[in-house]
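Both counts, for ligands and for their atoms, begin at 1 and track the order of listing. Values in this document were obtained by computation on a predicted structure and should not be read as measured data.
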Amino acid sequence: MSTRFNFASDNTSGLCPEALNALAEANSGYCASYGDDEGTARAADLIREVFETDCDVYFVFNGTAANALALASLCHSYHSVVCHETSHIETDECGAPEFFSNGTKILLTSGPDGKLDCASLERMILRRTDIHYPKPRVVSLTQPTELGGLYTTEEIRAVAHLAASHGLRVHMDGARFPNAVAAMGVTPADLTWRAGVNVLCFGGIKSGISLSEAVIFFNPELAAEFSYRCKQAGQLASKMRFSSAPWAACLQDGIWLRHAENANRHARLLAEKLGPVPGVNLVRPVEANAVFADLSPEVDARLKNAGWRYYQFIGGAARFLCSWQTTGSDIDQLVADARG
Ligand SMILES: *Cc1c(COP(=O)(O)O)cnc(C)c1O
């Protein structure tokens with residue numbers, strides 16, 4: 001029996017062919033290091049084009065670094081970041097945001113579907129205003145959420161408006177941002193800075209379009225000295241051309257969106273085919289590239305015995321993620337094994 005990671009996460013997929021070609025093309029001759037090369041400038045220009053604004057762009061090696069360093073640049077050590085209790089920055093980054101900000105505290109709120117709820121968000125922001133409590137400085141939201149859902153543009157605007165009205169800045173963890181854009185048919189600008197987002201961590205890795213994540217500052221003053229943070233954290237690539245070239249390749253002609261759409265389409269197909277299997281109960285609507293299902297012990301055992309790997313967390317449901325690489329035949333095999 002072989003172990004099958006096809007749906008365990010979108011980071012088990014490979015690098016898309018366009019990105020891989022871009023790496024090979026970038027591998028010729030010599031060029032300036034540490035991001036001073038033309039290819040990196042071109043990738044940043046393409047990001048500015050995609051976002052229709054003059055933003056500051058940095059490439060780092062992973063999403064944890066992107067989030068942690070972005071948050072550190074928005075906070076002093078005595079500040080706090082308010083986020084949903086299921087946020088990756090809280091549950092899956094080993095304290096990196098607190099570490100890189102020298103102690104900024106993370107404050108948790110709850111809300112349905114992994115989304116911030118404005119009423120509880122405001123309660124948390126206002127809970128304490130005295131000198132003895134870490135001052136709320138940032139609201140962080142994840143798009144799509146850790147539960148595979150999407151904030152509408154209006155919901156992002158409402159969160160950002162509330163944050164701004166209390167003097168807080170807005171960070172968006174967009175580890176799967178391409179899936180959100182592809183699913184919503186909304187421009188990247190409308191989903192971010194036009195809705196009040198100050199910093200976006202734009203995921204290139206799970207989407208298969210790069211081996212790096214882009215940290216995008218829509219207010220350049222917030223990016224002051226950010227390169228030093230990256231360097232100190234071991235996140236400044238000397239051969240930056242390989243971090244940036246795949247971005248430049250995939251941001252052209254909507255390649256990044258086509259790959260994200262493949263992931264989203266297959267998630268819908270997976271739900272359609274897995275949902276009716278006896279012992280399977282889909283527990284949330286499929287909005288981007290994730291499918292969550294309660295599995296009976298029999299189905300769970302059949303899938304595990306057939307070698308399928310998947311995570312069960314956030315309420316115990318099994319999570320299946322689709323990627324740029326997912327095919328109909330992957331889905332048919334999983335569903336056949338679930339049926340037994
Ligand atoms: C995967 C993921 C990240 C980044 O994780 P790394 O493993 O550090 O690249 C960040 N946020 C969310 C919501 C994620 O799913």
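Look at E272 and R265 and you find no salt bridge, because none of the NZ, NE, NH1 or NH2 atoms lies under 4.0 Å from a carboxylate O. Between R42 and D45 there is no salt bridge, since no side-chain N of the basic residue sits under 4.0 Å from a carboxylate O of the acidic one.
Close placement of the F177 and F202 rings is indicated, their centers lying within 6.0 Å of each other. Aromatic pair W308/F7: ring centres closer than 6.0 Å.
Between the H259 side chain and the W256 main chain, no donor and acceptor come within less than 3.5 Å of each other.
Protein neighbours of ligand 1 below 4.0 Å, counting non-hydrogen atoms: N62, G63, T64, N67, H88, E93, T142, E146, D173, A175, R176, K206.
Below 30°, between 30° and 60°, or above 60°: for F217 and Y58 the angle between ring planes is above 60°, a perpendicular geometry.
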